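Following: one structure in C-alpha coordinates, then a few remarks.
Bear in mind that the values here come from a model prediction, so they are computed numbers and not experimental data. Below, all heavy atoms of this structure are taken into account, side chains as well, without hydrogens, waters or symmetry copies. Reminder, nothing fancy here: chain letters follow the sequence lines and each chain counts from 1.
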Amino acid sequence: MPELPEVETIARGLRHKVLRRRIAAIEVAWQRSIDQRGVSEQLLVGDTISDVRRLGKFVILSLGSGRSVAIHLRMTGRLIVDPPAADPHTRLTLRFEDGGVLVFSDARKFGRWRVIEGDPSRALGIGIDPFDPALSASVFAGLVRKRATPIKTWLLDQRFLSGIGNIYACEALFAARIRPRRRARSLSVSERAQLLASLRKVMRKAIQHRGSSVDDYLDAEGMPGGFQKQLAVYGRGGLPCRRCRTPIRRVVLAQRGTFYCPTCQQ
DNA sequence: ATCAGCACCTGTTGGC
DNA sequence: TGCCAACAGGTGCTGA
(Lines give C-alpha, C1' and ligand atoms only; values in the text may rest on other atoms or scores of the structure.)
Protein backbone atom coordinates (compact mmCIF):
# COMPACT_ATOMS: atom_id res chain seq x y z
CA MET A 1 0.00 0.00 0.00
CA PRO A 2 2.03 2.94 1.15
CA GLU A 3 4.94 4.42 -0.77
CA LEU A 4 7.22 7.28 0.20
CA PRO A 5 4.57 10.05 0.44
CA GLU A 6 2.18 7.89 2.45
CA VAL A 7 4.89 6.64 4.81
CA GLU A 8 6.16 10.21 5.26
CA THR A 9 2.62 11.33 6.14
CA ILE A 10 2.22 8.46 8.59
CA ALA A 11 5.58 9.12 10.28
CA ARG A 12 4.80 12.83 10.69
CA GLY A 13 1.36 12.10 12.13
CA LEU A 14 2.69 9.46 14.46
CA ARG A 15 5.56 11.50 15.77
CA HIS A 16 3.79 13.84 18.16
CA LYS A 17 1.53 11.04 19.36
CA VAL A 18 4.18 8.62 20.54
CA LEU A 19 7.23 10.74 21.29
CA ARG A 20 8.67 10.20 24.78
CA ARG A 21 6.18 7.44 25.59
CA ARG A 22 7.58 4.41 27.39
CA ILE A 23 6.80 0.87 26.26
CA ALA A 24 5.40 -1.28 29.04
CA ALA A 25 4.39 -4.39 27.09
CA ILE A 26 3.94 -5.85 23.63
CA GLU A 27 1.20 -8.15 22.48
CA VAL A 28 1.76 -10.15 19.33
CA ALA A 29 -1.45 -11.43 17.78
CA TRP A 30 0.17 -12.64 14.53
CA GLN A 31 3.60 -14.13 15.09
CA ARG A 32 5.03 -13.41 11.68
CA SER A 33 4.38 -9.69 12.00
CA ILE A 34 7.61 -9.38 13.98
CA ASP A 35 11.08 -10.74 13.21
CA GLN A 36 12.85 -12.61 15.99
CA ARG A 37 9.58 -13.22 17.78
CA GLY A 38 10.18 -13.39 21.52
CA VAL A 39 13.63 -11.83 21.48
CA SER A 40 12.34 -8.57 20.01
CA GLU A 41 9.66 -8.05 22.63
CA GLN A 42 12.14 -8.46 25.46
CA LEU A 43 14.41 -5.84 23.91
CA LEU A 44 11.64 -3.27 23.62
CA VAL A 45 9.96 -3.42 27.00
CA GLY A 46 11.05 -0.51 29.19
CA ASP A 47 12.42 1.50 26.25
CA THR A 48 11.21 4.97 25.29
CA ILE A 49 10.41 6.34 21.83
CA SER A 50 12.81 9.19 21.16
CA ASP A 51 12.09 9.88 17.49
CA VAL A 52 9.86 8.85 14.58
CA ARG A 53 10.91 9.20 10.99
CA ARG A 54 10.77 7.63 7.54
CA LEU A 55 13.53 5.67 5.85
CA GLY A 56 12.57 4.55 2.36
CA LYS A 57 9.19 2.93 2.92
CA PHE A 58 9.99 2.09 6.54
CA VAL A 59 8.64 3.91 9.58
CA ILE A 60 11.51 4.08 12.06
CA LEU A 61 10.90 4.36 15.78
CA SER A 62 14.15 5.42 17.45
CA LEU A 63 14.48 4.34 21.06
CA GLY A 64 16.27 5.79 24.06
CA SER A 65 18.51 2.73 24.23
CA GLY A 66 19.90 3.47 20.76
CA ARG A 67 17.94 0.63 19.19
CA SER A 68 15.36 1.21 16.47
CA VAL A 69 12.18 -0.44 15.30
CA ALA A 70 11.81 -0.58 11.52
CA ILE A 71 8.20 -1.04 10.46
CA HIS A 72 7.32 -1.97 6.89
CA LEU A 73 3.61 -1.60 6.17
CA ARG A 74 3.76 -3.48 2.85
CA MET A 75 0.28 -3.45 1.32
CA THR A 76 -2.24 -2.98 4.09
CA GLY A 77 -0.34 -2.10 7.28
CA ARG A 78 -1.65 0.75 9.43
CA LEU A 79 -0.42 2.36 12.63
CA ILE A 80 -3.12 3.61 14.94
CA VAL A 81 -2.58 5.36 18.27
CA ASP A 82 -5.26 4.87 20.94
CA PRO A 83 -7.93 3.54 18.54
CA PRO A 84 -11.51 4.51 19.39
CA ALA A 85 -12.69 0.97 18.60
CA ALA A 86 -11.09 -2.47 18.39
CA ASP A 87 -9.56 -3.10 14.97
CA PRO A 88 -10.35 -6.56 13.58
CA HIS A 89 -6.95 -6.79 11.87
CA THR A 90 -4.79 -5.98 14.87
CA ARG A 91 -1.55 -7.97 14.58
CA LEU A 92 0.59 -6.24 17.19
CA THR A 93 -0.02 -3.86 20.08
CA LEU A 94 2.51 -1.70 21.92
CA ARG A 95 1.21 -0.87 25.38
CA PHE A 96 2.61 2.33 26.84
CA GLU A 97 3.25 2.92 30.50
CA ASP A 98 0.71 5.76 30.47
CA GLY A 99 -2.03 3.33 29.46
CA GLY A 100 -2.17 4.25 25.76
CA VAL A 101 -1.47 1.91 22.85
CA LEU A 102 0.05 1.86 19.39
CA VAL A 103 -1.79 -0.70 17.27
CA PHE A 104 -0.42 -2.28 14.12
CA SER A 105 -3.32 -3.34 11.95
CA ASP A 106 -2.62 -5.33 8.78
CA ALA A 107 -5.38 -7.11 6.86
CA ARG A 108 -3.07 -9.04 4.55
CA LYS A 109 -0.41 -9.83 7.16
CA PHE A 110 2.49 -8.82 4.88
CA GLY A 111 3.82 -6.05 7.12
CA ARG A 112 6.84 -6.60 9.37
CA TRP A 113 8.39 -5.12 12.51
CA ARG A 114 12.07 -5.54 13.04
CA VAL A 115 14.26 -4.46 15.94
CA ILE A 116 17.61 -3.07 14.85
CA GLU A 117 20.78 -2.50 16.86
CA GLY A 118 22.86 0.34 15.48
CA ASP A 119 22.40 2.23 12.23
CA PRO A 120 19.05 1.33 10.60
CA SER A 121 19.86 2.71 7.16
CA ARG A 122 22.74 0.29 6.89
CA ALA A 123 20.85 -2.66 8.34
CA LEU A 124 17.94 -2.24 5.95
CA GLY A 125 20.14 -2.26 2.87
CA ILE A 126 18.15 0.36 1.01
CA GLY A 127 19.41 2.93 -1.46
CA ILE A 128 19.50 6.70 -1.33
CA ASP A 129 16.38 8.73 -0.61
CA PRO A 130 15.02 10.56 -3.68
CA PHE A 131 14.96 13.79 -1.65
CA ASP A 132 18.51 13.43 -0.34
CA PRO A 133 20.46 16.49 -1.55
CA ALA A 134 23.40 14.15 -2.06
CA LEU A 135 21.45 12.58 -4.93
CA SER A 136 23.01 14.72 -7.65
CA ALA A 137 22.79 14.25 -11.40
CA SER A 138 26.11 12.43 -11.39
CA VAL A 139 25.15 10.13 -8.53
CA PHE A 140 21.92 9.34 -10.36
CA ALA A 141 23.86 8.68 -13.56
CA GLY A 142 26.14 6.29 -11.69
CA LEU A 143 23.17 4.34 -10.36
CA VAL A 144 21.57 3.73 -13.78
CA ARG A 145 24.89 3.15 -15.49
CA LYS A 146 25.05 -0.25 -17.22
CA ARG A 147 21.57 -1.21 -16.04
CA ALA A 148 19.72 -2.95 -18.82
CA THR A 149 16.54 -3.43 -16.84
CA PRO A 150 13.45 -1.38 -17.77
CA ILE A 151 13.48 1.99 -15.99
CA LYS A 152 10.15 1.19 -14.30
CA THR A 153 11.61 -1.99 -12.82
CA TRP A 154 14.72 -0.06 -11.80
CA LEU A 155 12.62 2.55 -9.98
CA LEU A 156 10.89 -0.18 -7.97
CA ASP A 157 14.20 -1.72 -6.86
CA GLN A 158 14.77 -0.29 -3.38
CA ARG A 159 18.54 -0.88 -3.54
CA PHE A 160 18.99 2.03 -5.97
CA LEU A 161 16.50 4.63 -4.80
CA SER A 162 14.34 3.96 -1.76
CA GLY A 163 10.70 4.81 -1.29
CA ILE A 164 9.32 4.67 -4.83
CA GLY A 165 6.48 2.23 -5.43
CA ASN A 166 4.20 1.36 -8.30
CA ILE A 167 2.00 4.46 -8.26
CA TYR A 168 4.79 7.03 -8.18
CA ALA A 169 6.99 5.13 -10.59
CA CYS A 170 4.16 5.32 -13.14
CA GLU A 171 3.39 8.95 -12.35
CA ALA A 172 6.99 10.17 -12.47
CA LEU A 173 7.63 8.42 -15.78
CA PHE A 174 4.55 10.08 -17.24
CA ALA A 175 5.65 13.49 -15.96
CA ALA A 176 9.11 12.92 -17.42
CA ARG A 177 7.57 11.60 -20.68
CA ILE A 178 9.56 8.38 -20.56
CA ARG A 179 8.18 4.94 -21.47
CA PRO A 180 8.29 2.42 -18.62
CA ARG A 181 10.07 -0.17 -20.80
CA ARG A 182 13.01 2.02 -21.73
CA ARG A 183 16.23 0.49 -20.51
CA ALA A 184 17.63 2.41 -17.56
CA ARG A 185 21.04 2.88 -19.14
CA SER A 186 19.51 4.22 -22.36
CA LEU A 187 18.22 7.45 -20.78
CA SER A 188 19.90 10.60 -22.03
CA VAL A 189 21.37 13.20 -19.71
CA SER A 190 18.28 15.38 -20.07
CA GLU A 191 15.91 12.45 -19.58
CA ARG A 192 17.69 11.53 -16.37
CA ALA A 193 17.40 15.11 -15.17
CA GLN A 194 13.71 15.14 -16.11
CA LEU A 195 13.08 11.88 -14.29
CA LEU A 196 14.79 12.93 -11.08
CA ALA A 197 12.99 16.28 -11.11
CA SER A 198 9.66 14.54 -11.81
CA LEU A 199 10.13 12.03 -9.00
CA ARG A 200 10.71 14.84 -6.56
CA LYS A 201 7.95 17.03 -7.89
CA VAL A 202 5.29 14.31 -7.96
CA MET A 203 6.14 12.97 -4.53
CA ARG A 204 6.48 16.42 -2.95
CA LYS A 205 3.03 17.25 -4.21
CA ALA A 206 1.68 13.92 -2.97
CA ILE A 207 3.09 14.62 0.49
CA GLN A 208 1.33 17.99 0.46
CA HIS A 209 -1.90 16.10 -0.17
CA ARG A 210 -1.10 13.58 2.55
CA GLY A 211 -0.58 10.76 0.05
CA SER A 212 -2.82 8.81 -2.31
CA SER A 213 -5.69 6.64 -1.12
CA VAL A 214 -6.34 4.41 -4.11
CA ASP A 215 -7.93 1.65 -2.11
CA ASP A 216 -7.83 1.79 1.64
CA TYR A 217 -4.76 3.69 2.78
CA LEU A 218 -5.22 5.74 5.97
CA ASP A 219 -2.60 7.81 7.74
CA ALA A 220 -1.81 7.87 11.46
CA GLU A 221 -4.77 10.19 12.02
CA GLY A 222 -7.07 7.70 10.29
CA MET A 223 -7.47 10.08 7.36
CA PRO A 224 -7.32 9.17 3.68
CA GLY A 225 -4.93 11.03 1.39
CA GLY A 226 -6.11 13.31 -1.38
CA PHE A 227 -3.55 12.88 -4.14
CA GLN A 228 -5.39 10.01 -5.91
CA LYS A 229 -7.60 12.62 -7.59
CA GLN A 230 -4.55 14.05 -9.30
CA LEU A 231 -3.02 10.85 -10.61
CA ALA A 232 -2.32 11.24 -14.32
CA VAL A 233 -1.97 7.60 -15.36
CA TYR A 234 -2.05 5.18 -12.43
CA GLY A 235 -5.32 3.25 -12.43
CA ARG A 236 -6.53 5.10 -15.54
CA GLY A 237 -6.22 2.30 -18.11
CA GLY A 238 -8.45 3.01 -21.12
CA LEU A 239 -9.27 6.54 -19.97
CA PRO A 240 -8.10 9.52 -22.02
CA CYS A 241 -4.68 10.98 -21.25
CA ARG A 242 -5.08 14.26 -19.40
CA ARG A 243 -2.51 15.82 -21.71
CA CYS A 244 -3.41 14.48 -25.21
CA ARG A 245 -6.62 12.40 -24.86
CA THR A 246 -4.97 9.19 -26.12
CA PRO A 247 -6.29 6.21 -24.09
CA ILE A 248 -3.94 5.29 -21.27
CA ARG A 249 -2.40 1.86 -21.79
CA ARG A 250 -2.06 -0.80 -19.11
CA VAL A 251 0.68 -3.43 -19.41
CA VAL A 252 2.34 -5.73 -16.90
CA LEU A 253 5.98 -5.04 -16.09
CA ALA A 254 7.85 -6.65 -13.22
CA GLN A 255 4.57 -8.39 -12.37
CA ARG A 256 2.91 -5.07 -11.65
CA GLY A 257 0.21 -3.15 -13.41
CA THR A 258 1.96 -0.39 -15.34
CA PHE A 259 0.21 2.60 -16.87
CA TYR A 260 1.46 5.02 -19.50
CA CYS A 261 0.42 7.21 -22.38
CA PRO A 262 1.68 5.77 -25.68
CA THR A 263 1.66 9.25 -27.22
CA CYS A 264 3.21 11.41 -24.50
CA GLN A 265 5.82 8.90 -23.35
CA GLN A 266 8.61 7.82 -25.68
C1' DA B 1 22.66 -9.72 -13.76
C1' DT B 2 18.00 -10.27 -14.81
C1' DC B 3 13.54 -12.10 -15.04
C1' DA B 4 9.31 -14.85 -14.60
C1' DG B 5 6.81 -17.21 -11.39
C1' DC B 6 5.38 -17.97 -7.10
C1' DA B 7 4.80 -17.25 -2.09
C1' DC B 8 3.09 -14.58 1.53
C1' DC B 9 -2.44 -13.18 2.87
C1' DT B 10 -7.09 -11.11 2.76
C1' DG B 11 -10.60 -8.18 0.96
C1' DT B 12 -12.91 -6.05 -2.85
C1' DT B 13 -14.66 -5.80 -7.36
C1' DG B 14 -16.35 -6.98 -11.81
C1' DG B 15 -18.02 -10.32 -15.02
C1' DC B 16 -21.10 -13.91 -15.95
C1' DT C 1 -28.49 -12.34 -6.14
C1' DG C 2 -24.53 -15.33 -6.06
C1' DC C 3 -20.26 -17.31 -7.26
C1' DC C 4 -15.61 -17.08 -8.75
C1' DA C 5 -11.72 -15.23 -10.83
C1' DA C 6 -8.87 -11.38 -11.05
C1' DC C 7 -6.67 -7.88 -8.83
C1' DA C 8 -4.41 -4.96 -5.17
C1' DG C 9 -0.02 0.48 -3.30
C1' DG C 10 5.40 -4.77 -1.61
C1' DT C 11 9.14 -7.74 -1.25
C1' DG C 12 11.83 -12.16 -1.13
C1' DC C 13 12.91 -16.50 -2.90
C1' DT C 14 13.87 -20.07 -6.54
C1' DG C 15 15.25 -21.62 -10.81
C1' DA C 16 16.20 -20.59 -15.62
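- F140(A) pairs by the side-chain contact (heavy atoms from CB on, under 4.5 Å) definition with L135(A), V144(A), W154(A), L161(A), R192(A), L195(A), L196(A), not counting sequence neighbours.
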Under 3.5 Å, side-chain donor or acceptor atoms of residues 223-231 of chain A against the rest of the protein: list the pairs with distances, not counting sequence neighbours.
unit_1	atom_1	unit_2	atom_2	d
Q228(A)	OE1	S213(A)	N	2.8
Q228(A)	NE2	G225(A)	O	3.1
Q230(A)	OE1	K205(A)	NZ	3.4
Q230(A)	NE2	H209(A)	NE2	3.0

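- Within the 3.5 Å criterion, the main-chain N or O of G46(A) finds a donor-acceptor partner in the side chain of R22(A).
- The main-chain N or O of S105(A) is never found under 3.5 Å from a side-chain atom of D87(A) such that the two would form a donor-acceptor pair.
- Here the range on DNA chain B touched by chain A, meaning any atom under 4.0 Å from one of its heavy atoms, is dT2(B) to dG11(B).
- The residue P5(A) sits apart from the nucleic acid: no heavy atom pair falls under 4.0 Å.
- Residue R108(A) places no side-chain N or O under 4.0 Å from the OP1 or OP2 atom of dC7(C).
- Cluster annotation: F104(A) is connected to V115(A) through the hydrophobic network of ILVMFWY side chains, with a link wherever side-chain heavy atoms come within less than 4.5 Å.
- Y234(A) comes within contact range of the sugar-phosphate backbone alone, with a heavy-atom separation under 4.0 Å but no base atom that close.
- We find that NE2 of H89(A) is positioned 14 Å from C1' of dA8(C), with the value rounded to whole Å.
- Within the 3.5 Å criterion, the main-chain N or O of N166(A) finds a donor-acceptor partner in the side chain of E3(A).
- Put simply, the side chain of F96(A) reaches to within 4.5 Å of the side chain of I23(A), judged on heavy atoms.
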Quick one: side chains of residues 243-262 of chain A, donor-acceptor pairs under 3.5 Å with protein atoms, not counting sequence neighbours, listed by atom name and distance.
unit_1	atom_1	unit_2	atom_2	d
T246(A)	OG1	T263(A)	OG1	2.8
T258(A)	OG1	K152(A)	NZ	2.6
T258(A)	OG1	R256(A)	O	3.0

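- Atom CZ in F160(A) sits roughly 17 Å away from atom C1' in dG10(C) (whole-Å rounding).
- Using a 4.0 Å heavy-atom criterion, one finds that W30(A) contacts the sugar-phosphate atoms exclusively.
- Side-chain atoms of Q194(A) do not come within 3.5 Å of backbone N or O of A176(A) as any donor-acceptor pair.
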Per-nucleotide protein contact string for nucleotides 11-16 of chain C, where B marks a base within reach and S marks sugar-phosphate only (heavy atoms under 4.0 Å, - for neither) | B-----
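- Judged by distance alone, with hydrogens and angles left aside, the side-chain atoms of E171(A) form a donor-acceptor pair with the main-chain N or O of Y234(A) at under 3.5 Å.
- Distance check on atom P: dC4(C) versus dC9(B) gives 23 Å, rounded to whole Å.
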Salt bridge (charged side-chain N to carboxylate O under 4.0 Å, His left out) between R91(A) and D106(A), intermediate numbers included | CA-CA 6 Å; R91(A) 308 302 179 202; D106(A) 186 19; 5.6 Å; no
Annotated structure of DNA chain B as dot-bracket, pair cut-off 3.5 Å, Watson-Crick or G-U only, | for inter-strand, is .|||||||.|||||||
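- Counting any heavy atom pair closer than 4.0 Å across all strands shown, R159(A) reaches no nucleic acid atom.
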